[in-house]
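Everything on this sheet refers to the single structure shown next.
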Amino acid sequence: MDEFSFINAIKQKAYSQPTLVKGIGDDAAVFRSTSDIVTTVDTFVENIHFSLETMRPFHIGYRVLAANISDLAAMGAEPAFYLVSMCIPKTWNQKALEEIYQGMHELASLHQMDLIGGDTVSSDRLMISITAMGYVPKDQARFRSDAQPNDIIFATGTLGDSRAGLEILLQGQECKSQDYYIQRHRLPEPRVALALGLREINRVALNDISDGISNEANEIAEASGVGIFIIEDSVPVSESFHQFSEEQQYEWKLSGGEDFELLGTISKANWPRVQEIADQINTPIRQIGYVYEAEEPRVLIQTHGETKQLTKSGYTHLK
């Protein structure tokens, strides 16, 4: 395998974005826009963020791009482009690497995203770095700092599913709905449609649930300088989630992460409209608490009638 044959093997044959002037083939890509451009980058390392023990190369590609698309959704942006850089060990062959790109392309096609560049270098471990870009109307990007006292806090979908899927794959134990949980881990669905549907709402604070809502809620509280109160029983979970132990349920739905759902706050006046928008696009959404004025930013959670502080407890790097 050489770099140039590999590039020819994975590059797109046609592009979807009308704003693209030049894709792969020159020293850099060129695109133009009159909208605000949102960009995000994530780096994934083999046996830290993904493993062949729990997924095929196709799933790896799908999931790493899903993480970036979810970040764009949390900013209210419509996905448009992505670039991929890989550090590749000799233990990976070209067929497996092409399958990673096939996974990315599968998800990218659903959002009309174009692969417009990247880089490859040799390494002793597979590392994938993705830079994704999207568009949002001028001055309409969503920020964590936009939560206000008396807002409703909501979550989409069901939480803890991805962590349940991971544990099922690692432990090899059979359980109810195991195929569902495994798919939620391997093939997550970023909530782009809801993020775009909420564009008519003038103020929404959003955060994608990549590290668990214990982290994401605290990030919103800190950025907005508010307190957040969460009712544990209101946190949405799948119908069969109660088969797991109480300890697992609590940890997985609050700190499991990688569900790539959305956590957000909205004014009470706009909440009915948000529910209507979610219903129109078949996106489950539920109020899980509220925002309140606080001297210091913090998150409280009510569990079995007892209220305690919910600290950051999901996975963090450099710790």
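Values in this document were obtained by computation on a predicted structure and should not be read as measured data.
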Problem - Greater than 12 external heavy atoms within 6.0 Å of His111's NE2 - result: yes
Exercise for the section: For residues Asp208 and Phe260, report the shortest heavy-atom separation together with the two atoms involved. Expected result: OD2-CD2, 3.7 Å
Problem - Glu189 atom CD, neighbour heavy-atom count above 12 within 6.0 Å - result: no
Practice task
Please check if atom CD in Glu276 has more than 12 non-hydrogen atoms from other residues, nucleotides or ligands closer than 6.0 Å.
Solution key: yes
Problem - Short side-chain to backbone donor-acceptor contact, Gln178 and Cys175, under 3.5 Å - result: yes
Handout entry: Pair Gln102, Glu98: side-chain N/O donor-acceptor within cut-off below 3.5 Å
Key = no
Handout entry: Pairing of Glu261 and Arg184 as salt bridge, 4.0 angstrom limit
Key = yes
Exercise for the section: Check whether any side-chain N or O of Asn68 sits under 3.5 Å from a backbone N or O of Ile130 as a donor-acceptor pair, and report yes or no. Expected result: yes
Problem - Derivation and outcome, side-chain contact (heavy atoms from CB on, under 4.5 Å), residues Tyr292 and Asn150 - result: CA-CA 6 Å; Tyr292 66 95; Asn150 298 316; over 6 Å; no
Handout entry: Residue pair Ser224, Ser145: steps toward the side-chain hydrogen bond (donor to acceptor under 3.5 Å, both in side chains) verdict
Key = CA-CA 4 Å; Ser224 297; Ser145 56; 5.6 Å; no
Practice task
Flag the pair Ile209 / Leu159 as yes when at least one side-chain heavy-atom distance between them is below 4.5 Å, and no otherwise.
Solution key: yes
Exercise for the section: May I ask you to check whether Ser129 and Ser85 show a side-chain donor-acceptor distance below 3.5 Å? Expected result: no
Practice task
Determine, stepwise, if the pair Ser245 / Gln248 fulfils side-chain hydrogen bond (donor to acceptor under 3.5 Å, both in side chains).
Solution key: CA-CA 5 Å; Ser245 70; Gln248 288 172 325; 3.2 Å; yes
Exercise for the section: Please round to the nearest 0.5 Å and tell me the distance separating atom OG of Ser122 and atom CD1 of Ile88. Expected result: 9.0 Å
Practice task
State whether Arg144 and Glu216 are salt-bridged, where the test is any N-O pair (Lys NZ or Arg NE/NH1/NH2 against Asp/Glu carboxylate O) under 4.0 Å.
Solution key: no
Exercise for the section: Please answer whether the main-chain N or O of Arg125 pairs with a side-chain N or O of Ser123 as donor and acceptor at a distance below 3.5 Å. Expected result: yes
Handout entry: Atom pair OG1 (Thr307) and CD1 (Ile230), whose distance is rounded to the nearest 0.5 Å
Key = 12.0 Å
Problem - Step-by-step side-chain hydrogen bond (donor to acceptor under 3.5 Å, both in side chains) determination, Ser162 to Asp259 - result: CA-CA 5 Å; Ser162 178; Asp259 288 308; 4.8 Å; no
Exercise for the section: With the side chain counted from C-beta on, respond yes when Leu97 and Met86 share a heavy-atom pair under 4.5 Å apart, and no when they do not. Expected result: yes
Problem - Nearest-0.5 Å distance, CD1 of residue Ile100 to OH of residue Tyr62 - result: 16.0 Å
Exercise for the section: Count the heavy atoms of every other residue, nucleotide or ligand shown that sit under 6.0 Å from CD of Gln183, and state whether that count exceeds 12. Expected result: no
Handout entry: Side-chain donor-acceptor pair present, Asn207, Glu219, cut-off under 3.5 Å
Key = yes
Handout entry: Side-chain (Ser35) to main-chain (Lys138) donor-acceptor, under 3.5 angstrom
Key = no
Handout entry: Side chain to side chain, Thr43 and His49, heavy atoms closer than 4.5 Å
Key = no
Completion exercise
Between the CG atom in Leu72 and the CZ atom in Arg142, the distance rounded to the nearest 0.5 Å is 14.5 Å
Practice task
Kindly determine whether Lys312 and Glu222 satisfy salt bridge (Lys or Arg N to Asp or Glu O under 4.0 Å), including the steps that lead there.
Solution key: CA-CA 12 Å; Lys312 293 183 179 181; Glu222 291 167 3; 3.4 Å; yes
Exercise for the section: Verify the neighbour count for atom CD of Glu293: are there more than 12 heavy atoms of other residues, nucleotides or ligands below 6.0 Å? Expected result: no
Practice task
Would you check if the side chain of Arg32 reaches a backbone N or O of Leu20 as a donor-acceptor pair within less than 3.5 Å?
Solution key: no
Problem - Note, Asn218 side chain near Arg298 side chain (heavy atom, < 4.5 Å) - result: no
Practice task
Report yes if the side chains of Ile128 and Ile60 come closer than 4.5 Å at any heavy-atom pair, otherwise no.
Solution key: yes
Practice task
Using a 4.5 Å cut-off on heavy atoms from C-beta on, say whether the side chain of Met75 contacts that of Val136.
Solution key: no
Practice task
Report yes if some heavy atom in the side chain of Val226 is under 4.5 Å from a heavy atom in the side chain of Gln148; otherwise report no.
Solution key: no
Handout entry: Whether over 12 other heavy atoms sit under 6.0 Å from Glu200 CD
Key = yes
Handout entry: His242-Gln249 side chain donor-acceptor pair, cut-off 3.5 Å
Key = yes
Problem - Pairwise salt bridge (Lys or Arg N to Asp or Glu O under 4.0 Å) hits with a residue in residues 165-181, at least two apart - result: Arg163-Glu167
Pairs of donor and acceptor atoms involving the side chains of residues 283-291, under 3.5 Å and at least two apart or interchain, shall be tabulated with distances.
| unit_1 | atom_1 | unit_2 | atom_2 | d |
| --- | --- | --- | --- | --- |
| Arg286 | NH1 | Ser234 | O | 3.4 |
| Gln287 | NE2 | Gly289 | O | 3.3 |

Handout entry: Exam field: side chain Ser70 to backbone Ala66, donor-acceptor pair closer than 3.5 Å
Key = no
Problem - From CA spacing to verdict: side-chain contact (heavy atoms from CB on, under 4.5 Å), Lys308, Ile301 - result: CA-CA 6 Å; Lys308 61 182 180 180; Ile301 186 166; 3.9 Å; yes
Handout entry: Under 3.5 Å: donor-acceptor pair, side chain of Ser51, backbone of Glu53
Key = yes
Exercise for the section: Kindly indicate, with the supporting measurements, whether the criterion side-chain contact (heavy atoms from CB on, under 4.5 Å) is fulfilled by Leu126 and Phe50. Expected result: CA-CA 10 Å; Leu126 182 65; Phe50 60 85; 3.9 Å; yes
Handout entry: Over 12 non-hydrogen atoms of neighbours within 6.0 angstrom of CZ in Arg203
Key = yes
Fill in the blank from the handout: So CD1 of Ile168 and CD of Gln173: to nearest 0.5 Å the spacing works out to 9.0 Å
Handout entry: Side-chain donor-acceptor pair present, Thr19, Ser33, cut-off under 3.5 Å
Key = no
Fill in the blank from the handout: Sorted by chain and residue number, the ring-ring contact (aromatic ring centres under 6.0 Å, His included) partners of Phe244 (sequence neighbours excluded) come out as Tyr181, Phe241, Trp252
Problem - Test item: side-chain donor near acceptor, Asp151 and Thr265, under 3.5 Å - result: yes
Practice task
Without swapping roles, check the side chain of Glu306 against the backbone of Thr303 for a donor-acceptor pair under 3.5 Å.
Solution key: no
Exercise for the section: Given side-chain contact (heavy atoms from CB on, under 4.5 Å), test Leu310 with Leu300 step by step and report yes or no. Expected result: CA-CA 5 Å; Leu310 182 64; Leu300 300 178; over 6 Å; no
Practice task
Kindly state each residue pair satisfying side chain to side chain donor-acceptor pair (under 3.5 Å) with at least one member in residues 71-84, sequence neighbours excluded.
Solution key: Thr40-Asp71
Practice task
Apply ring-ring contact (aromatic ring centres under 6.0 Å, His included) to Phe154 and list each qualifying residue two or more places apart in sequence or on a separate chain.
Solution key: Trp271
Fill in the blank from the handout: Sequence neighbours excluded, the answer for ring-ring contact (aromatic ring centres under 6.0 Å, His included) partners of Phe31 is Phe81
Handout entry: CG-CZ distance between Leu198 and Arg191, expressed to the nearest 0.5 angstrom
Key = 12.0 Å
Problem - Within 6.0 angstrom of Glu296 CD, more than 12 heavy atoms from elsewhere - result: no
